[in-house]
Amino acid sequence: MRRSVFSVRGRVVAIALAVVAFCLGGQLAAQATEGPISGSQDLNVTVHYNTARYNSYPQNYMSAWFSGSNGGGSTSMGVRNTSGLQIARAANVTGSWTPFYNNSGGLGVSPGTFYMNVLIIGACGGSGCGVQNWHGGLNWNIRYY
Amino acid sequence: MAHSVEQRRRVLPLRAVALTATLLLFGGCGSTNSSSSVEPRSSSATDQSASPSARPQCATASRATTSTVNATVQAKDARNSVAKVVSWADPQGEGWWLVGAISGPTTPGEGALGIWATEEDPTQESFAGSVSAVDGGAHTWSTAPENELVKYDPTDVPALGCWSQNRS
């Protein structure tokens, strides 16, 4: 009899652990993501990039940092949805993490697949107006309340 | 009887654990979002700007058109190329928009797209028109002349919606 009860306990604990692991796995899949971004482009024109990423929450916080040569100008990054509409923008992105704001001025970015738009404003210096190589970092899929 | 009470004491906590696990499972694990997968969901959530009347007319451009676009890219840097071009017919009748991914060693990282415009139907194999550079990608990575054909807002480009739908 005692052996039978122990067996039931073992099964219950195993099932409970499996459920907890399943739930934890689901949470991890939706966690924030951070990764490098980079590109090359002329100054003073917007380039639409082709790498698809995904925000899974109803509202998502995003931020980016940028490093590149623009002669003391500024860099704007946009978040573009699959319809080609820019739905969020980070202005004056520097070496520090800079948040994206949606078109209403809030910090929540709509869910779904997105791509990056990048505009580097700068003056042509002694090296001319050649193609600028840039790199940086991007945070996305951070739940925003 | 005493044995039965002892047995109940052991089993009751196990029932509580089982009940909790069941509630977790059927309650969606207390999930922050039931669609937490990194795979894209239905595009309806992201097609905020697309009303039925503004729906782009998308098509894959002909080989002749792709060849014309590719020629302007390779004229800038022979190591780069455009293998596929998607077109969008401007509803205002100002011509066609063309979108292609520029691949090659000088377009690293995020992978640049280029947007061009043309006056001739790009879906025709007999295409013999010219293309002009609309966005920064086309400006940076091709020798096409500056666009004067279509009105361009870099923050709202329906032609890029065509590309998202037909990129593969």
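Numbers restart at 1 for each chain; the letters A, B, ... are given by sequence-line order, proteins then strands.
Taking hydrophobic clusters as Ile, Leu, Val, Met, Phe, Trp and Tyr residues chained together by side-chain heavy-atom distances below 4.5 Å, A/Phe100 shares a cluster with A/Ile37. Hydrophobic clustering places A/Leu85 together with A/Met62 (ILVMFWY residues linked when any side-chain heavy atoms are closer than 4.5 Å, directly or through intermediates). Grouping the Ile, Leu, Val, Met, Phe, Trp and Tyr side chains by contacts below 4.5 angstrom, directly or via other members, places B/Val157 apart from B/Trp96. One hydrophobic cluster, built from ILVMFWY side chains closer than 4.5 Å, holds both B/Val86 and B/Val150.
Within 6.0 Å of CD in B/Glu125 there are more than 12 heavy atoms belonging to other residues, nucleotides or ligands. Other residues, nucleotides and ligands contribute only 12 or fewer heavy atoms inside 6.0 Å of the CD atom of B/Glu119.
When all heavy atoms of A/Ser38 and B/Gly109 are compared, the closest pair comes out as OG-CA, 3.2 Å. Scanning all heavy atoms of the two residues, the minimum distance from A/Thr46 to B/Tyr152 falls at O-OH, 4.0 Å.
Residue pairs that meet the salt bridge (Lys or Arg N to Asp or Glu O under 4.0 Å) test with at least one member in residues 50-65 of chain A, sequence neighbours left out, are A/Arg53-B/Glu110.
To the nearest 0.5 Å, the span separating NE2 on A/His48 from CG on B/Asp135 amounts to 5.5 Å. With rounding to the nearest 0.5 Å, the separation of CG in A/Asn117 from OG1 in B/Thr155 is 8.5 Å.
Looking at B/Ile115, the atoms closer than 4.5 Å to chain A (heavy atoms on both sides) all sit in the side chain, from C-beta outward. For a residue to count as touching a neighbouring chain, one of its non-hydrogen atoms must lie under 4.5 Å from one of that chain's; by this rule A/Tyr115 touches chain B with the side chain only.
Counting heavy atoms from C-beta on, the side chains of B/Leu160 and A/Arg80 come closer than 4.5 Å.
Between the side chain of B/Thr140 and the backbone N or O of A/Asp42, at least one donor-acceptor pair lies under 3.5 Å.
Considering only heavy-atom pairs separated by less than 4.5 Å from chain B, the leading option among A/Val45, A/Val47, A/Asn50, A/Asn133 is A/Asn50.
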